[in-house]
Amino acid sequence: MASPRRGLPVRRGMKKPLEALLRDACERATKGGELLTTTLPPLLLTVPKEAEHGDLASNLALALARSEKRPPRAVAETIVRHLDDRDGILASVEIAGPGFINVRFAPAYWWKLLREIDAAGDAYGRSAIGVGRRVQIEFVSANPTGPLHVGHARGAVTGDALASLLAATGHEVAREYYVNDAGNQMAMLGASTYARYAELCGHDVPFPENGYQGDYVRDVAATIHASEGARWMDVDAAEARAYLGDAAGAILLEAIRDDVAALAIRFDRYVSERQLRAEGTVDTTLATLDAAGYVYDAEGARWFRSTAFGDDKDRPLVKTGGEFTYFAADVAYHRAKYGAGYDRIIDVWGADHHGHVPRMRAALAALGLDPARFEVVLVQIVNLIRGGEPVRMGKRSGDFVTLREVVAEVGADATRFFLLMRKSDAQLDFDLDLAKQRTAENPVFYVQYAHARVASIFRAAAAVGLDLDAAAAADPARLTEGEELALVRRLAQFPEIVEGAALELEPHRVVFFLMELAAEFHRYYNRSRILGDDRDLATARLLLAVNVQKTIRAGLTILGISAPDTM
RNA sequence: GCGCCCAUAGCUCAGUUGGAUAGAGCGCUUGACUACGAAUCAAGAGGUCGGGUGUUCGAAUCACCCUGGGCGCACCA
């Protein structure tokens, strides 16, 4: 991958010029004694929902009204009177409603923006707001004790899309998977595998209570049995369980790597809890906490005084049996992340772990690390829907729908799109029947079709001697329809959609933008013939179309979804 | 019991960080292919933003209290 620090276009956006005009106007008004304010509130320019409200609206006068001690409309009149549109980018300025300043841009402004968008090439939408910032994002991190299920898939896709968003905004991103390959769960995997293995060898070993009952444990045991025979029946049972647990964990982690790869996800690092322990990272972390005075012994266990940092109770670090808790190892891991010098550390967690956020923050603070650099994105549960009914999943019985099954059924693109359609902290209904449909009701195909449709237009254009080069050389001034200028306006919003999604860690914003852009393009296509008899008009429309296509492709790429030329 | 998340059209959800008459998609009704892909589009109907009080020019958005759902509260991770 190319260095994110280079080649990033400076974001122009459609708002910047208007912001400058408004600031200048206020400055002049203040100098002339017509405004009291010397410090402006942050300028908030919005794209109005109503077309009659213009291209951009400012609430500046409303925000200033109080300190000016004048009605908002009067303040707005003062500001508008001082507007100096030197470059002639404005077609109209109106004061509306309670005091909004509504602005409509001149067509020439949109033509200029379209040229800029075209000139940005495939880098369009990328920005430099994160340049020089190093971010580490940890996601999935499921125990290697079984295959990934759909809940994991949502965390996986969310984490991956967040990483892409941060990379697209110039951040240097590291993607990590924390492997809990130590502790009780792995011991239980070893015992479960041992029981299945023994069955295959003709021995009767009772299956452990709370063991992993899924059929996959039989498969794993069979794999080991096939390569190593029955020899682990001849050794001490504890040794056999330990070995089989390790072997099963390795096989299952390999399967997990395959599963995420099937969703087009890769990690830069897999960090092993066992290795952290072996390297003494957990010990030194506890010693640091102890030296800082936040560790005490009670009830036969060792505790962290997280209540000193606002947690509602203290948390155990070492169990009564002398084992580290999961928490202790996780604190050590996060301390190591800080040691690696990241500016921002992001974890994607299942919402059932939300209670862990305060204690992790407390531990970081106790270690003298800045908790503000640590952020957690909580991902809510996924309900699979088939035939209009929720698919039942029993975790205890091991009877859950795996990520692999979902991808096999609906494909990686639809899986990713559907799992990214909702804000991550809201529960999500995943309609498997809808995800499979190849119709307009299926939003992923709807968006992809808009992309393919442009490709199709260019195939037809080739027949009349028009191609990408012709489009690139087109005169956008031929685009005079309202729908055409509105499409440019939509395209112009893309960079700030990406920035907003990256800053707020909300990939679903990109999904919604793409659905709206696709809808706007489909509507335009149905109403306006692109390849008409007027050759100059046709090339101008091709210029618009190819930039719509490029923007859809850029958005889909951030989301990890393919942008096909034919469907 | 304490804490966190959620509640918006029949269904699934947006809502640009407090702005204008709350928006999409699905579903329902009615239409559009001798033209670049109808895998598309157009039109219509559909709302006490769970309820209440407050904050202010202005609240789906902020605060507090209810109601209803989800999830947490060491020796599982």
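Per chain, numbering begins at 1; letters A, B, ... match sequence-line order.
When distances run from any side-chain atom of A:Glu441 to the nucleotides B:rG27, B:rA38, B:rG3, the shortest one goes to B:rG27. Checking B:rA14, B:rU12, B:rG27 against every side-chain atom of A:Phe512, the shortest atom distance belongs to B:rA14. The side chain of A:Asn180 has B:rA77 as its nearest neighbour among B:rC36, B:rA77, B:rC71. Relative to the side chain of A:His508, the nucleotides B:rC13, B:rG15, B:rA77 differ in distance, and B:rG15 lies closest. Among the nucleotides B:rA38, B:rA14, B:rC57, the one closest to any side-chain atom of A:Tyr449 is B:rA38. The side chain of A:Thr320 sits closest to B:rC75 out of B:rC75, B:rU12, B:rA14.
Counting any heavy atom pair closer than 4.0 Å across all strands shown, A:His53 reaches a base atom.
Side chain A:Glu299 to base B:rA74: a donor-acceptor pair is found below 3.5 Å. The base of B:rA20 is paired with the side chain of A:Asn102 by a donor and an acceptor separated by under 3.5 Å. Scanning atom types as modelled, no donor and acceptor separated by under 3.5 angstrom connect the side chain of A:His356 and the base of B:rA74.
Salt bridge absent: A:Arg73 and A:Glu77 never bring a charged side-chain N and a carboxylate O closer than 4.0 Å. Using a 4.0 Å cut-off between charged nitrogen and carboxylate oxygen, A:Arg523 and A:Glu483 do not count as a salt-bridge pair.
Judged by ring centres under 5.5 Å apart and planes tilted less than 30 degrees, A:Tyr525 fails to stack against the six-membered base ring of B:rC41. By the 5.5 angstrom centroid cut-off and the 30-degree plane limit, A:Phe100 is classified as stacked against the base of B:rA20.
Using bins of under 30°, 30° to 60° and over 60° for the plane-to-plane angle, the ring pair A:Tyr296/A:Trp303 lands in the parallel bin.
In this structure, B:rC5 is classed as anti because its glycosidic torsion departs from zero by more than 90°.
A side-chain donor from one of A:Asp347 and A:His334 sits under 3.5 Å from a side-chain acceptor of the other.
Within the structure, every side-chain polar atom (N or O) of A:Lys423 is placed at least 4.0 Å from both OP1 and OP2 of B:rU12.
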